[in-house]
Amino acid sequence: VTTVLVAGTIGTLASLALARSALPGRKALTGLFLSPIVLPTILTGFALFQLAMVAGIGRNVWILLAGHLVVATPYVLRTVLAVLAHFDRSLEEAARGLGASPAAAFREVTLPLIRPGVIAGAAASAGGASSTRTVRLARRRSPARLSATRAAALAASTGSAPTRPS
């Protein structure tokens with residue numbers, strides 16, 4: 001839950017900054033922020049673990065949270081950027097013209113319009129960050145040890161299709 005909330009906040013704010021600013025390296029920054037989607041999660045986790053050990057931080061809950069955020073935030077960033085690509089800024093400008101403060105215009109106009117992208121990104125980030133649980137379940141309960149009924153139930157609950165070895 002913490003990962004989804006923090007990734008949702010960071011991803012949404014980063015998306016707003018990237019979509020609305022005229023930064024010279026905006027495309028490069030977007031690619032950098034989305035790169036964890038391309039890299040295998042195990043590689044990202046191992047690299048972060050090595051960085052924590054070399055820096056002398058060691059194993060703690062903050063490193064675990066950081067690892068989950070590195071994996072989860074790009075999903076939110078991607079979906080909110082997609083929503084913002086078709087966002088009509090004149091609606092927000094109209095609210096400002098009618099006397100709304102920037103914070104009120106964001107809260108009353110922008111956020112309700114981009115909410116579907118934020119929710120979809122948060123849901124995708126929850127799935128992306130928890131995919132290691134599915135791998136652990138699949139390894140612990142390999143189909144060779146399961147009855148056909150239990151294998152089908154596992155496949156339905158994890159979204160994977162375990163097969164028996166031939």
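When a residue number appears, it is its place in the shown sequence, counting from 1. Because the structure is predicted, anything quoted here is derived from the model rather than measured.
In the hydrophobic cluster analysis, where Ile, Leu, Val, Met, Phe, Trp and Tyr join through side-chain heavy atoms closer than 4.5 angstrom, Leu29 is grouped together with Leu34. When hydrophobic clusters are built by joining Ile, Leu, Val, Met, Phe, Trp and Tyr residues whose side-chain heavy atoms come closer than 4.5 Å, directly or via intermediates, Leu91 is grouped together with Val118. Tracing side-chain contacts under 4.5 Å through hydrophobic residues (I, L, V, M, F, W, Y), one never reaches Leu5 starting from Ile10; they form parts of separate clusters. Leu13 and Val6 are assigned to two separate hydrophobic clusters, defined by single-linkage of ILVMFWY side chains at heavy-atom distances under 4.5 Å. Using a 4.5 Å cut-off between side-chain heavy atoms of Ile, Leu, Val, Met, Phe, Trp and Tyr, with links allowed through other members, Val80 and Leu113 fall into the same hydrophobic cluster.
Within the model, atoms CD1 of Ile63 and CD1 of Ile57 stand 4.5 Å from one another, a figure rounded to the nearest 0.5 Å. Separation of atoms CG (Leu64) and OG1 (Thr3) is listed at 7.5 Å; rounding is to 0.5 Å. Of the inter-residue distances, the one linking Leu18 atom CG with Phe33 atom CZ reads 6.0 Å to the nearest 0.5 angstrom. Between atom OG1 of residue Thr44 and atom CG of residue Leu48 there is a gap of 9.0 Å, rounded to the nearest 0.5 Å. Separating the NE2 atom in His86 from the CD1 atom in Ile114 is a distance of 14.0 Å, to the nearest 0.5 Å. To the nearest 0.5 Å, the span separating CD on Glu108 from OG on Ser101 amounts to 9.5 Å.
Scanning all heavy atoms of the two residues, the minimum distance from Val109 to Ala95 falls at CG2-CB, 3.7 Å. Contact detail for Ala105 and Ala100: the closest heavy-atom pair is N-CB, 4.2 Å. Considering every non-hydrogen atom in both Ala19 and Arg26, the closest pair reads O-NH1, 3.9 Å. Considering every non-hydrogen atom in both Asp88 and Ser90, the closest pair reads OD1-OG, 2.7 Å. Closest approach of Thr79 and Gly117 over heavy atoms only: OG1-O, 2.9 Å.
A donor-acceptor pair under 3.5 Å is absent between the side-chain atoms of Thr73 and the main chain of Gly11, judged by distance alone. For the pair Ser15 (side chain) and Leu77 (backbone), a donor-acceptor distance under 3.5 Å is present.
Partner of Leu81 under the side chain to side chain contact (heavy atoms under 4.5 Å, CB included) criterion, out of Leu16, Val76, Thr30: Thr30 alone.
Counting heavy atoms of neighbouring residues, nucleotides and ligands inside a 6.0 Å radius, atom CD1 of Ile42 does not exceed 12 of them.
At least one side-chain heavy atom of Val4 sits under 4.5 Å from a side-chain heavy atom of Ser125.
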